[in-house]
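Below is one structure, written out as structure tokens, with a few remarks after it.
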Amino acid sequence: MLKHLALAIGLVTLTGCGVAYISPRVTAEEDKVRVVPLTADSVRVANGSPYRPREIPAAFFANAGGGSGLRGAGGAPAPSIDRQNRPASMETRVPPAVNPGPYEIGVGDVVLLATKTAGNTVEELSGLLAAQNARQGYTVQDDGAIAIPDVGRVQVAGLTLEEAEAQLFQSLVENQIDPSFSLEIAEFNSRRVAIGGAVGQPTVAPVTLTPLTLDAALAAAGGIRTEDLDYASIRIYRDGSLYQIPLNEYLRRPNLQKTRLVDGDSVFVDTEYELDKAQAYFQEQIALAQFRQQGRVQALAELNAEVSLRREALNEARGNFRDRIELDAVDRDYVYLTGEVTRPSRFALPFGREATLADALFDSEGFDNETANPSQLYVMRGSPEPGRPDLVTAWHLNGSNASNMILATRMQLRPNDVVFIAEQPITRWNRVLNQFVPSLITSGTAIATQ
């Protein structure tokens with residue numbers, strides 16, 4: 001019995017001295033460890049330490065986007081045919097009737113002068129031939145005169161044919177030349193009317209001794225050439241005014257066909273709405289619409305391909321980053337959990353945001369309720385000061401009051417923080433017993449057998 005008592009006394013002594021089992025704890029040391037109770041005010045101080053969380057790669061923020069722009073078949077060619085608008089109605093505006101009087105010789109006209117010539121009997125018998133040989137054409141010059149040999153220049157511009165004959169007669173007499181002659185106009189070049197538009201052959205028709213009518217002018221131009229009778233018109237431009245005769249009206253009213261034209265008139269057959277042109281226009285529009293539709297389909301396919309390639313590139317970059325994290329090949333910031341936590345481990349601080357003490361605890365399944373002492377929860381952080389490079393601040397949270405755990409949701413962690421939870425006193429005693437009871441039993445058995 002004395003031996004057993006001595007063994008028990010020795011065991012208690014060793015346990016009290018801490019030789020048999022050493023329990024980890026946080027002890028305030030003035031030169032190295034500073035224990036600060038965790039309160040609302042001290043949490044604000046702890047959170048004031050500068051820290052910038054690491055960012056995840058830009059690939060996690062980017063999206064596939066909408067492409068660099070539609071390309072497809074390119075821009076559609078410009079239409080070659082203009083759209084036509086059907087006129088609602090066509091007004092008839094007939095030019096006023098004119099009577100310019102007798103034809104007056106003008107610059108550019110060619111006058112033909114026939115004079116008597118002396119000859120023998122044979123020539124006189126063939127007088128017609130002799131007269132033809134004496135016919136001479138003269139062009140009215142810019143000054144309005146014609147130049148006749150042995151007579152000189154005779155002014156004829158602006159004169160009627162009778163007035164020109166009188167003027168020429170007087171000039172022949174003054175030059176003592178036989179005044180037997182005849183005068184006529186061979187070419188009418190001074191007065192003209194232009195005809196164009198939907199006609200067989202645009203031309204310029206001369207105004208001669210015979211009045212020039214609208215139907216004669218159109219006939220000289222090869223006639224009207226249009227299949228659209230409903231929307232065609234004959235337009236006459238005269239002295240700054242524009243007149244219009246619808247084609248149906250022109251064909252129905254003979255008096256309009258005999259409209260007299262004068263020098264300087266311009267006649268234009270206008271087809272405001274051409275059936276062939278309209279049909280060609282709509283065919284072209286249909287072709288352009290089909291081209292644009294095909295271009296849109298092609299552009300959409302190109303856009304989808306571009307977006308798909310970009311999405312695949314983003315997914316590949318994200319997957320590569322996740323693989324690097326799994327292989328621990330990415331620089332991370334960690335917090336370390338030790339003591340009476342359910343699972344001692346390191347807690348990786350998240351990307352792009354700050355983590356709290358509660359995040360770290362509950363991510364590692366919290367602390368062990370059977371062994372942990374909730375009143376002794378510490379966050380230890382290196383807090384070097386000038387002259388004190390090894391100083392550690394231990395932020396102490398008394399979790400025995402459950403309401404204090406709200407502070408754990410506010411306490412922000414920093415890289416290399418150490419979260420420590422001390423053991424309960426009974427836990428320490430149980431561990432001592434678990435360590436020594438097997439040896440005690442073995443030793444007691446050995447003593448009993450002696």
Side-chain angles (χ1 to χ4, degrees), residues 95-117 127-197 199-223 234-241 243 257-268:
V98 293
N99 184 14
Y103 184 85
E104 294 179 351
I105 300 172
V107 176
D109 286 345
V110 177
V111 297
L112 195 61
L113 178 62
T115 58
K116 288 181 63 176
T117 57
L128 179 59
L129 178 60
Q132 289 178 347
N133 291 336
R135 294 166 66 89
Q136 180 66 44
Y138 298 95
T139 301
V140 179
Q141 303 297 319
D142 293 343
D143 58 355
I146 58 175
I148 303 176
D150 300 329
V151 175
R153 303 185 68 80
V154 180
Q155 289 290 331
V156 295
L159 304 179
T160 64
L161 194 58
E162 290 78 5
E163 292 171 345
E165 288 178 347
Q167 181 70 23
L168 186 58
F169 178 85
Q170 183 177 355
S171 297
L172 292 174
V173 171
E174 289 176 355
N175 288 278
Q176 298 180 358
I177 299 175
D178 185 357
S180 300
F181 68 93
S182 64
L183 185 66
E184 60 183 274
I185 302 176
E187 296 181 16
F188 297 87
N189 297 323
S190 61
R191 287 170 171 76
R192 297 184 175 186
V193 172
I195 306 101
V199 294
Q201 181 64 46
T203 187
V204 176
V207 178
T208 65
L209 298 177
T210 304
L212 180 63
T213 58
L214 182 57
D215 57 349
L218 292 174
I234 302 171
R235 295 183 175 181
I236 302 173
Y237 184 79
R238 176 184 296 172
D239 296 332
S241 299
Y243 304 96
Q257 300 174 16
K258 297 301 179 182
T259 300
R260 186 170 180 177
L261 303 176
V262 297
D263 178 37
D265 283 354
S266 294
V267 179
F268 187 84

Separation of [Y] [atom2] from [X] [atom1] (nearest 0.5 Å):
X: S171; Y: I146; atom1: OG; atom2: CD1; value: 8.5 Å
X: S266; Y: I195; atom1: OG; atom2: CD1; value: 9.0 Å
X: L261; Y: T213; atom1: CG; atom2: OG1; value: 7.0 Å
X: F268; Y: I236; atom1: CZ; atom2: CD1; value: 13.5 Å
X: L172; Y: L113; atom1: CG; atom2: CG; value: 7.0 Å

Between T139 and Q141, does a side-chain contact (heavy atoms from CB on, under 4.5 Å) hold up when you go through it step by step?
-> CA-CA 6 Å; T139 301; Q141 303 297 319; 4.1 Å; yes
I'd like to check [X] versus [Y] (side-chain heavy atoms, cut-off strictly below 4.5 Å). Are they in contact?
X: Q257; Y: L214; result: no
X: V98; Y: R238; result: yes
X: D150; Y: N175; result: no
X: L161; Y: I185; result: yes
X: V207; Y: V262; result: no
X: I148; Y: F181; result: no

Let me see the working for R260 and N99 under side-chain contact (heavy atoms from CB on, under 4.5 Å), right down to the final yes or no.
-> CA-CA 8 Å; R260 186 170 180 177; N99 184 14; 3.6 Å; yes
Do the side-chain N and O atoms of Q167 and E163 include a donor-acceptor pair separated by under 3.5 angstrom?
->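 No, no side-chain donor-acceptor contact under 3.5 Å.
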Any donor and acceptor pair, going by atom type alone, linking the side chain of [X] with main-chain N or O of [Y] inside 3.5 Å?
X: E104; Y: P102; value: no
X: E187; Y: G108; value: no
X: T208; Y: T210; value: yes

Full working for side-chain contact (heavy atoms from CB on, under 4.5 Å) between D109 and Y103 = CA-CA 11 Å; D109 286 345; Y103 184 85; 2.7 Å; yes
Pair L218-V199, side-chain contact (heavy atoms from CB on, under 4.5 Å): steps then yes or no | CA-CA 7 Å; L218 292 174; V199 294; 4.3 Å; yes
